[in-house]
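Note that ligands are numbered from 1 as they come in the structure, with each ligand's atoms numbered from 1 the same way. Quick note: numbers below take in every heavy atom, side chains included, and nothing from hydrogens, waters or symmetry partners.
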Amino acid sequence: MNKKVPHDAILRLSFYLRALKNFEEENIKVVSSKQLADFLKINHHQLRKDLSYFGHFGKKGVGYPCSALIDKIKTILGLDKTWSAAVIGFGNLGRALSFYKGFREQGVYIKVAFDVDEKKINKEYNGIKVYSIEQLEKIIKKEDIQIAIITVPKYAAEEIANRLSKCKIKAILNFAPINLVTSSQILIQNVDFGCQLAYLTYHLKFLKP
Ligand code: ATP
């Protein structure tokens, strides 16, 4: 990974990608950075700076060719490949994420799930088989899983992450409300819905009724 690229610039690439797809759907072949930035309600200097981390795109005064930039951003983000994922903790959130078609559209396929609940183990839901957590290492190897999505309760998340770091897992998307940190060999993105909600409730306090 290129260490010089800021974390937020990588996240913003996904927004640029969505915006470009919108333009493409409207049959617009070329967009200027200003058009793209206005569409996203961001600063066009920011957009140009973000893209400049990855090379030179578009022609000065002409703009960016939508289709070529879409392909380029997909390649940069690894979205031109397919990835195998597993959901760990097949509760309400785990189930919802397993069936979310947006992941498949990004090339991320949830192949299997794991749980401790005997009522869920060995059952298949929309083609996703739930295995016992005891089989974690074996199935991850067998199915060649690269991404783990953790949706177990907080008390179970750390142990799961430690076990995953000993498998060949490359990345973890963690939804358990705990900041997981493991070895440098494994990438972790912690997603905390509670924090995002608190951001909204903080601002809501200042809104006039
Ligand atoms: P449900 O009511 O269907 O269990 P839930 O979303 O309320 O769903 P949670 O308590 O949030 O359940 O737990 C999420 C899921 O994680 C559950 O399916 C639970 O059985 C599972 N789980 C809990 N501990 C572990 C563990 N150590 N390993 C794997 N899965 C676990």
Intermediate values then yes/no, ring pair (Phe, Tyr, Trp, His ring centres under 6.0 Å), Phe90 and Tyr125 | CA-CA 10 Å; Phe90 204 63; Tyr125 302 81; 5.0 Å; yes
Should Arg163 and Glu137 count as an ion pair when the cut-off is N to O under 4.0 Å?
-> yes
Candidate pair Phe54 and Lys72, rule side-chain contact (heavy atoms from CB on, under 4.5 Å), full reasoning | CA-CA 9 Å; Phe54 305 96; Lys72 187 78 198 178; 5.8 Å; no
Test item: side-chain donor near acceptor, Asp50 and Gln46, under 3.5 Å | yes
Residue portion contacting ligand 1 (non-hydrogen atoms closer than 4.0 Å) for Lys120 | side chain
Can you pull out the closest protein heavy atom to atom 14 (C) of ligand 1? Residue, atom name and distance to 0.1 Å, please.
-> Thr151 O, 3.5 Å
Sidechain-backbone polar pair: Thr151 side chain, Gly89 backbone, donor-acceptor under 3.5 Å | yes
Would you say Gly91 has any N or O atom under 3.5 Å from an N or O of ligand 1, going by distance alone?
-> yes
Does ligand 1 have a heavy atom under 4.0 Å from the side chain of Arg95, from its backbone, from both, or from neither?
-> side chain
Please write down residue, atom name and distance for the protein heavy atom closest to atom 27 (N) of ligand 1.
-> Ala156 CB, 3.5 Å
Using a strict 4.0 Å cut-off to heavy atoms of Ile160, name the atoms of ligand 1 that fall inside it.
-> 28 (N)
Residue, atom and distance of the protein heavy atom nearest atom 16 (O) of ligand 1 read Gly89 CA, 3.4 Å
Aromatic rings Phe175 and Phe193: how do their planes relate, parallel, tilted or perpendicular, breaks at 30° and 60°?
-> tilted
Sidechain-backbone polar pair: Asp192 side chain, Gln196 backbone, donor-acceptor under 3.5 Å = no
Identity and distance of the protein heavy atom lying nearest atom 25 (C) of ligand 1 | Val116 CG2, 3.5 Å
Check whether the ring centres of Tyr199 and Tyr202 lie less than 6.0 Å apart, and answer yes or no.
-> no
Does the N or O separation between Asn92 and ligand 1 drop below 3.5 Å for any pair?
-> yes
The protein heavy atom nearest to atom 19 (C) of ligand 1 is Asp115 OD1, 3.4 Å
Heavy atom of the protein closest to atom 9 (P) of ligand 1 (residue, atom name, distance) = Pro153 CG, 4.0 Å
